[in-house]
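Report on the following structure.
In what follows, every chain begins at residue 1, and chains take the letters A, B, ... in the order their sequences are listed.
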Amino acid sequence: MPHNIEQNNENHRPITSQLGQKNPDYLKGLNAEQSDAVLSTKGPLLVLAGAGTGKTRVLTTRIAHILASNLARSSEILSVTFTNKAALEMRERIGQLVGSSVEGMTWLGTFHSISAKILRRHAELVGLKSDFTILDTDDQIRLIKQLLKAENIDEKRWPARQFANIMDGWKNRGLLPNDVRSTHAGMSHTSMFANGLGDKLYADYQARLTSLNAADFGDLLLLCIRLFRENPDVLAIYHKRFKYMLVDEYQDSNVAQYLWLRLLAQGRPASEANICVVGDDDQSIYGWRGAEVDNILRFEKDFPGAKIIKLERNYRSTGNILEAASKVISNNEGRFSKVLHTDGGEKGEKLKLTSLWDSEEEARHVSEQIEQLQRQGEVLNSMAILVRTSAQMREFEESFIKLGINYRVIGGAKFYERREIRDALAYFRLTHQQDFDLALERIINVPKRGLGNATIEVLHLAARGQNIPLMQAIRQLIETEELGAKQRNTLSSLIGQFDDWSARAANTELFELAEAILDESGYSAMWQNAKTADAPGRLENLKELVNFMQEFKTLGEFLEHISLVLERSSNDSADAVSIMTLHGAKGLEFNNVFLPGWEEGLFPSQRSLDENGNKGLEEERRLAYVGITRAKKRIFFSLAQNRRIHGRYQTALPSRFLDELPPEIVEVSDSGSSFGGYGYGGASGNVASKFDEKDPFDKAYESPAWKQRRAQNADHKTIEGEFFESSVDIGTGFRIGQRVIHLKFGEGVITNVEGKKLSIDFNRVGRKKVLESFVKKG
DNA sequence: CTGCCTCTATTTTTT
DNA sequence: ATAGAGGCAG
């Protein structure tokens, strides 16, 4: 593939030579490799940064160096991260180095937020308006459900959520509906959803998004790629603007992100691209959501002549911990060989491994260790429990509560994922933009207003028939007798409220408006009256949301920021043990790390092995590596010989990863239970590998259950389900005296026509006003 | 339309 | 075991 697009005109940049600033302050304390990575500002650079080797420091110092040497202005540096948290942290740390120049770094952000920013500037070119809405997962599912219904696809057999995942996978790989279609021809099963309707559904979904002036997360990248591909002049703007590109955690990038980066890097010949990617192939733990380790492994090929710098000097962990980590990860194949090492000769304490009877005992044991550590003077903040699955957390929480150990759970439901927050946002969004159907559907009966499925169905029918937003359909329907009087009144006042709120938006403080909306809609009252235990918490969250809104002036401004960056707040500074998943722990460090649940089946996860064979095992092993390398001083491994899984007790064998630890630095204790040492014989020979070469997405569909489903459905194709009104010629005039048939009221004769409203004498139910899209010529 | 009951799925998670 | 979602009766 051609990387070389012709040069643009920035051939002469001021190379404030490094000679002129031999030892600037910011280089102090960097080791040779780190400085090299900071100072190598010409051409492509791959920094392979092992765990705890000062990766973020290199990245931020490099930016400081580029700025200090006048190689580029702050607005000419593109720096990409995966999470908002990482972007925020980087901004902070750059600020510490360069002061207020960091404020000019407009292009420091996540792939998604930067894409959104670019898209808003050129939205028309991809068929959107610049104020397009970014859909969250709930909205996505809601929309897919509608499409499935329209196609008469059995939602039981083909769940919307599953399709959302499939589509997400396509988007992660940069595939558009057409690409899926052609893949389809070539034996791929990913488009076999709903008997091969997958690609059509995908196309329909995208069409719906466009008509909603909306994009989902995946689209932000995809549309950006399309924008660049179809508009070389636009791409050229960014080639010219971004003199330097930096990417953090490159091992986590997926195909779409890779394509995105490559397009942006094409402003110069590949061998001269000023792109610097930083990552650690050994910490690639997001393969299951589309990350391609290959991206980092083949960087050299993409950018010929790329300089590769390995950061191997670890500043975090003791010698023993590093040895354990290195030994475990050395069992993986296909990695850049990096060897972490320390400067100091301190090996530190031995790692501890304890086998317990069951998970309850394990939690108790961990609690005891924590108290023991506290007695040694360690604070709770220095300790973390890293688990494989969130289900493991509960037992620890219970034990901590019982013993009065302060803890905090990191990860879990995000602030913006909470129901009450999304509901509130739906109200706000609707106030701002009344035609946002998905938001209306979300809250139309929340709190309960007696507007259930039947009513919504009618609304849908009317809206679809005329291709108008639901709100508009409601405005029409409350003028007719299509709906019951009660529903009509309710809808009428609901619409009135939204009109009222919209009107007040102009001259009310945003947070006051927000409060008013939540109160007047009855939403706050709903939770105040709720008797459930979580109600007070939800009210708290709503309050927090409203507080947060004080920082914004207009609804529009607030909503634009909210979809991409709504952080969970509450950084409580209290001393507490952290509980989180291994995934959630990446990038963090603790003096004392507890690694419970090292049992075959749980870790490595059986499912990962079943679905992804050796590839899955290696990713699990990288997870183990991430876990171990979080620790600075001490690690406590543990396992439960018996664990309840889905309600049933099951006996577990010690994880094969325990066998991979160097025995001489592990202190095994059996905590008084009957434990005959750890050891898992012949683990490595045992791994299914037949799937290794195959695309993970295809694999999911090769499972026996899936095949069975496909077989069952092979000849079950329905044609029904065309909308009744879609066969009606919209806009064809209905005339007085004409015979018509109504879906609900049966046959009748038109007695009056008033725009789209018809008065009809029905044989069965007498005279009614109805909407023309509900009747068919008789 | 709502509330209750039954059925099912159940690794990891960001944007 | 358990939560969430969908189905059915009141």
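We find that CD of A:E611 is positioned 12 Å from C1' of B:dT12, with the value rounded to whole Å.
Residue contacts for A:S605: at a heavy-atom cut-off of 4.0 Å it reaches a base atom on one of the strands shown.
Of the listed nucleotides (B:dT12, B:dT13, B:dT15), B:dT13 has the atom at the smallest distance from the side chain of A:Y286. Which of B:dT12, B:dT13, B:dT15 sits closest to the side chain of A:S390 comes down to B:dT12.
Residues satisfying the side chain to side chain donor-acceptor pair (under 3.5 Å) criterion with A:D219, sequence neighbours excluded, are A:K171, A:Q206. A:R364 is linked by a side chain to side chain donor-acceptor pair (under 3.5 Å) to nothing, counting only residues two or more places apart in sequence or in another chain. When the side chain to side chain contact (heavy atoms under 4.5 Å, CB included) test is applied to A:A652, the partners found at least two apart in sequence or on another chain are A:E599. By the side chain to side chain contact (heavy atoms under 4.5 Å, CB included) test, A:A116 pairs with A:I134, A:L220, A:L564, sequence neighbours left out.
Looking at A:R388, its side chain comes within 3.5 Å of the base of B:dT12 through a donor and an acceptor atom.
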Enumerate the protein-to-nucleotides 1-7 of chain B contacts in which both atoms are nitrogen or oxygen and the separation is below 3.5 Å.
from	atom 1	to	atom 2	distance (Å)
B:dC1	OP1	A:G452	N	2.2
B:dC1	OP1	A:G452	O	3.0
B:dC1	OP1	A:T455	OG1	3.1
B:dC1	OP2	A:N453	N	3.3
B:dC1	OP2	A:A454	N	2.9
B:dT2	OP1	A:G450	N	3.2
B:dT2	OP2	A:N445	ND2	3.0

> Once each nucleotide of nucleotides 1-10 of chain C is scored for protein heavy atoms under 4.0 Å, what B/S/- sequence comes out, 5' to 3'?
Replying inline: B-S--S----
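Of the side-chain N and O atoms in A:T389, none sit less than 4.0 angstrom from OP1 or OP2 of B:dT10.
A:D248 and A:K55 are joined by a salt bridge, as a carboxylate oxygen and a charged side-chain nitrogen come within less than 4.0 angstrom of each other.
Residue A:R388 forms a side chain to side chain contact (heavy atoms under 4.5 Å, CB included) with just one option from A:S655, A:S605, A:P596, A:P604, and that option is A:S605.
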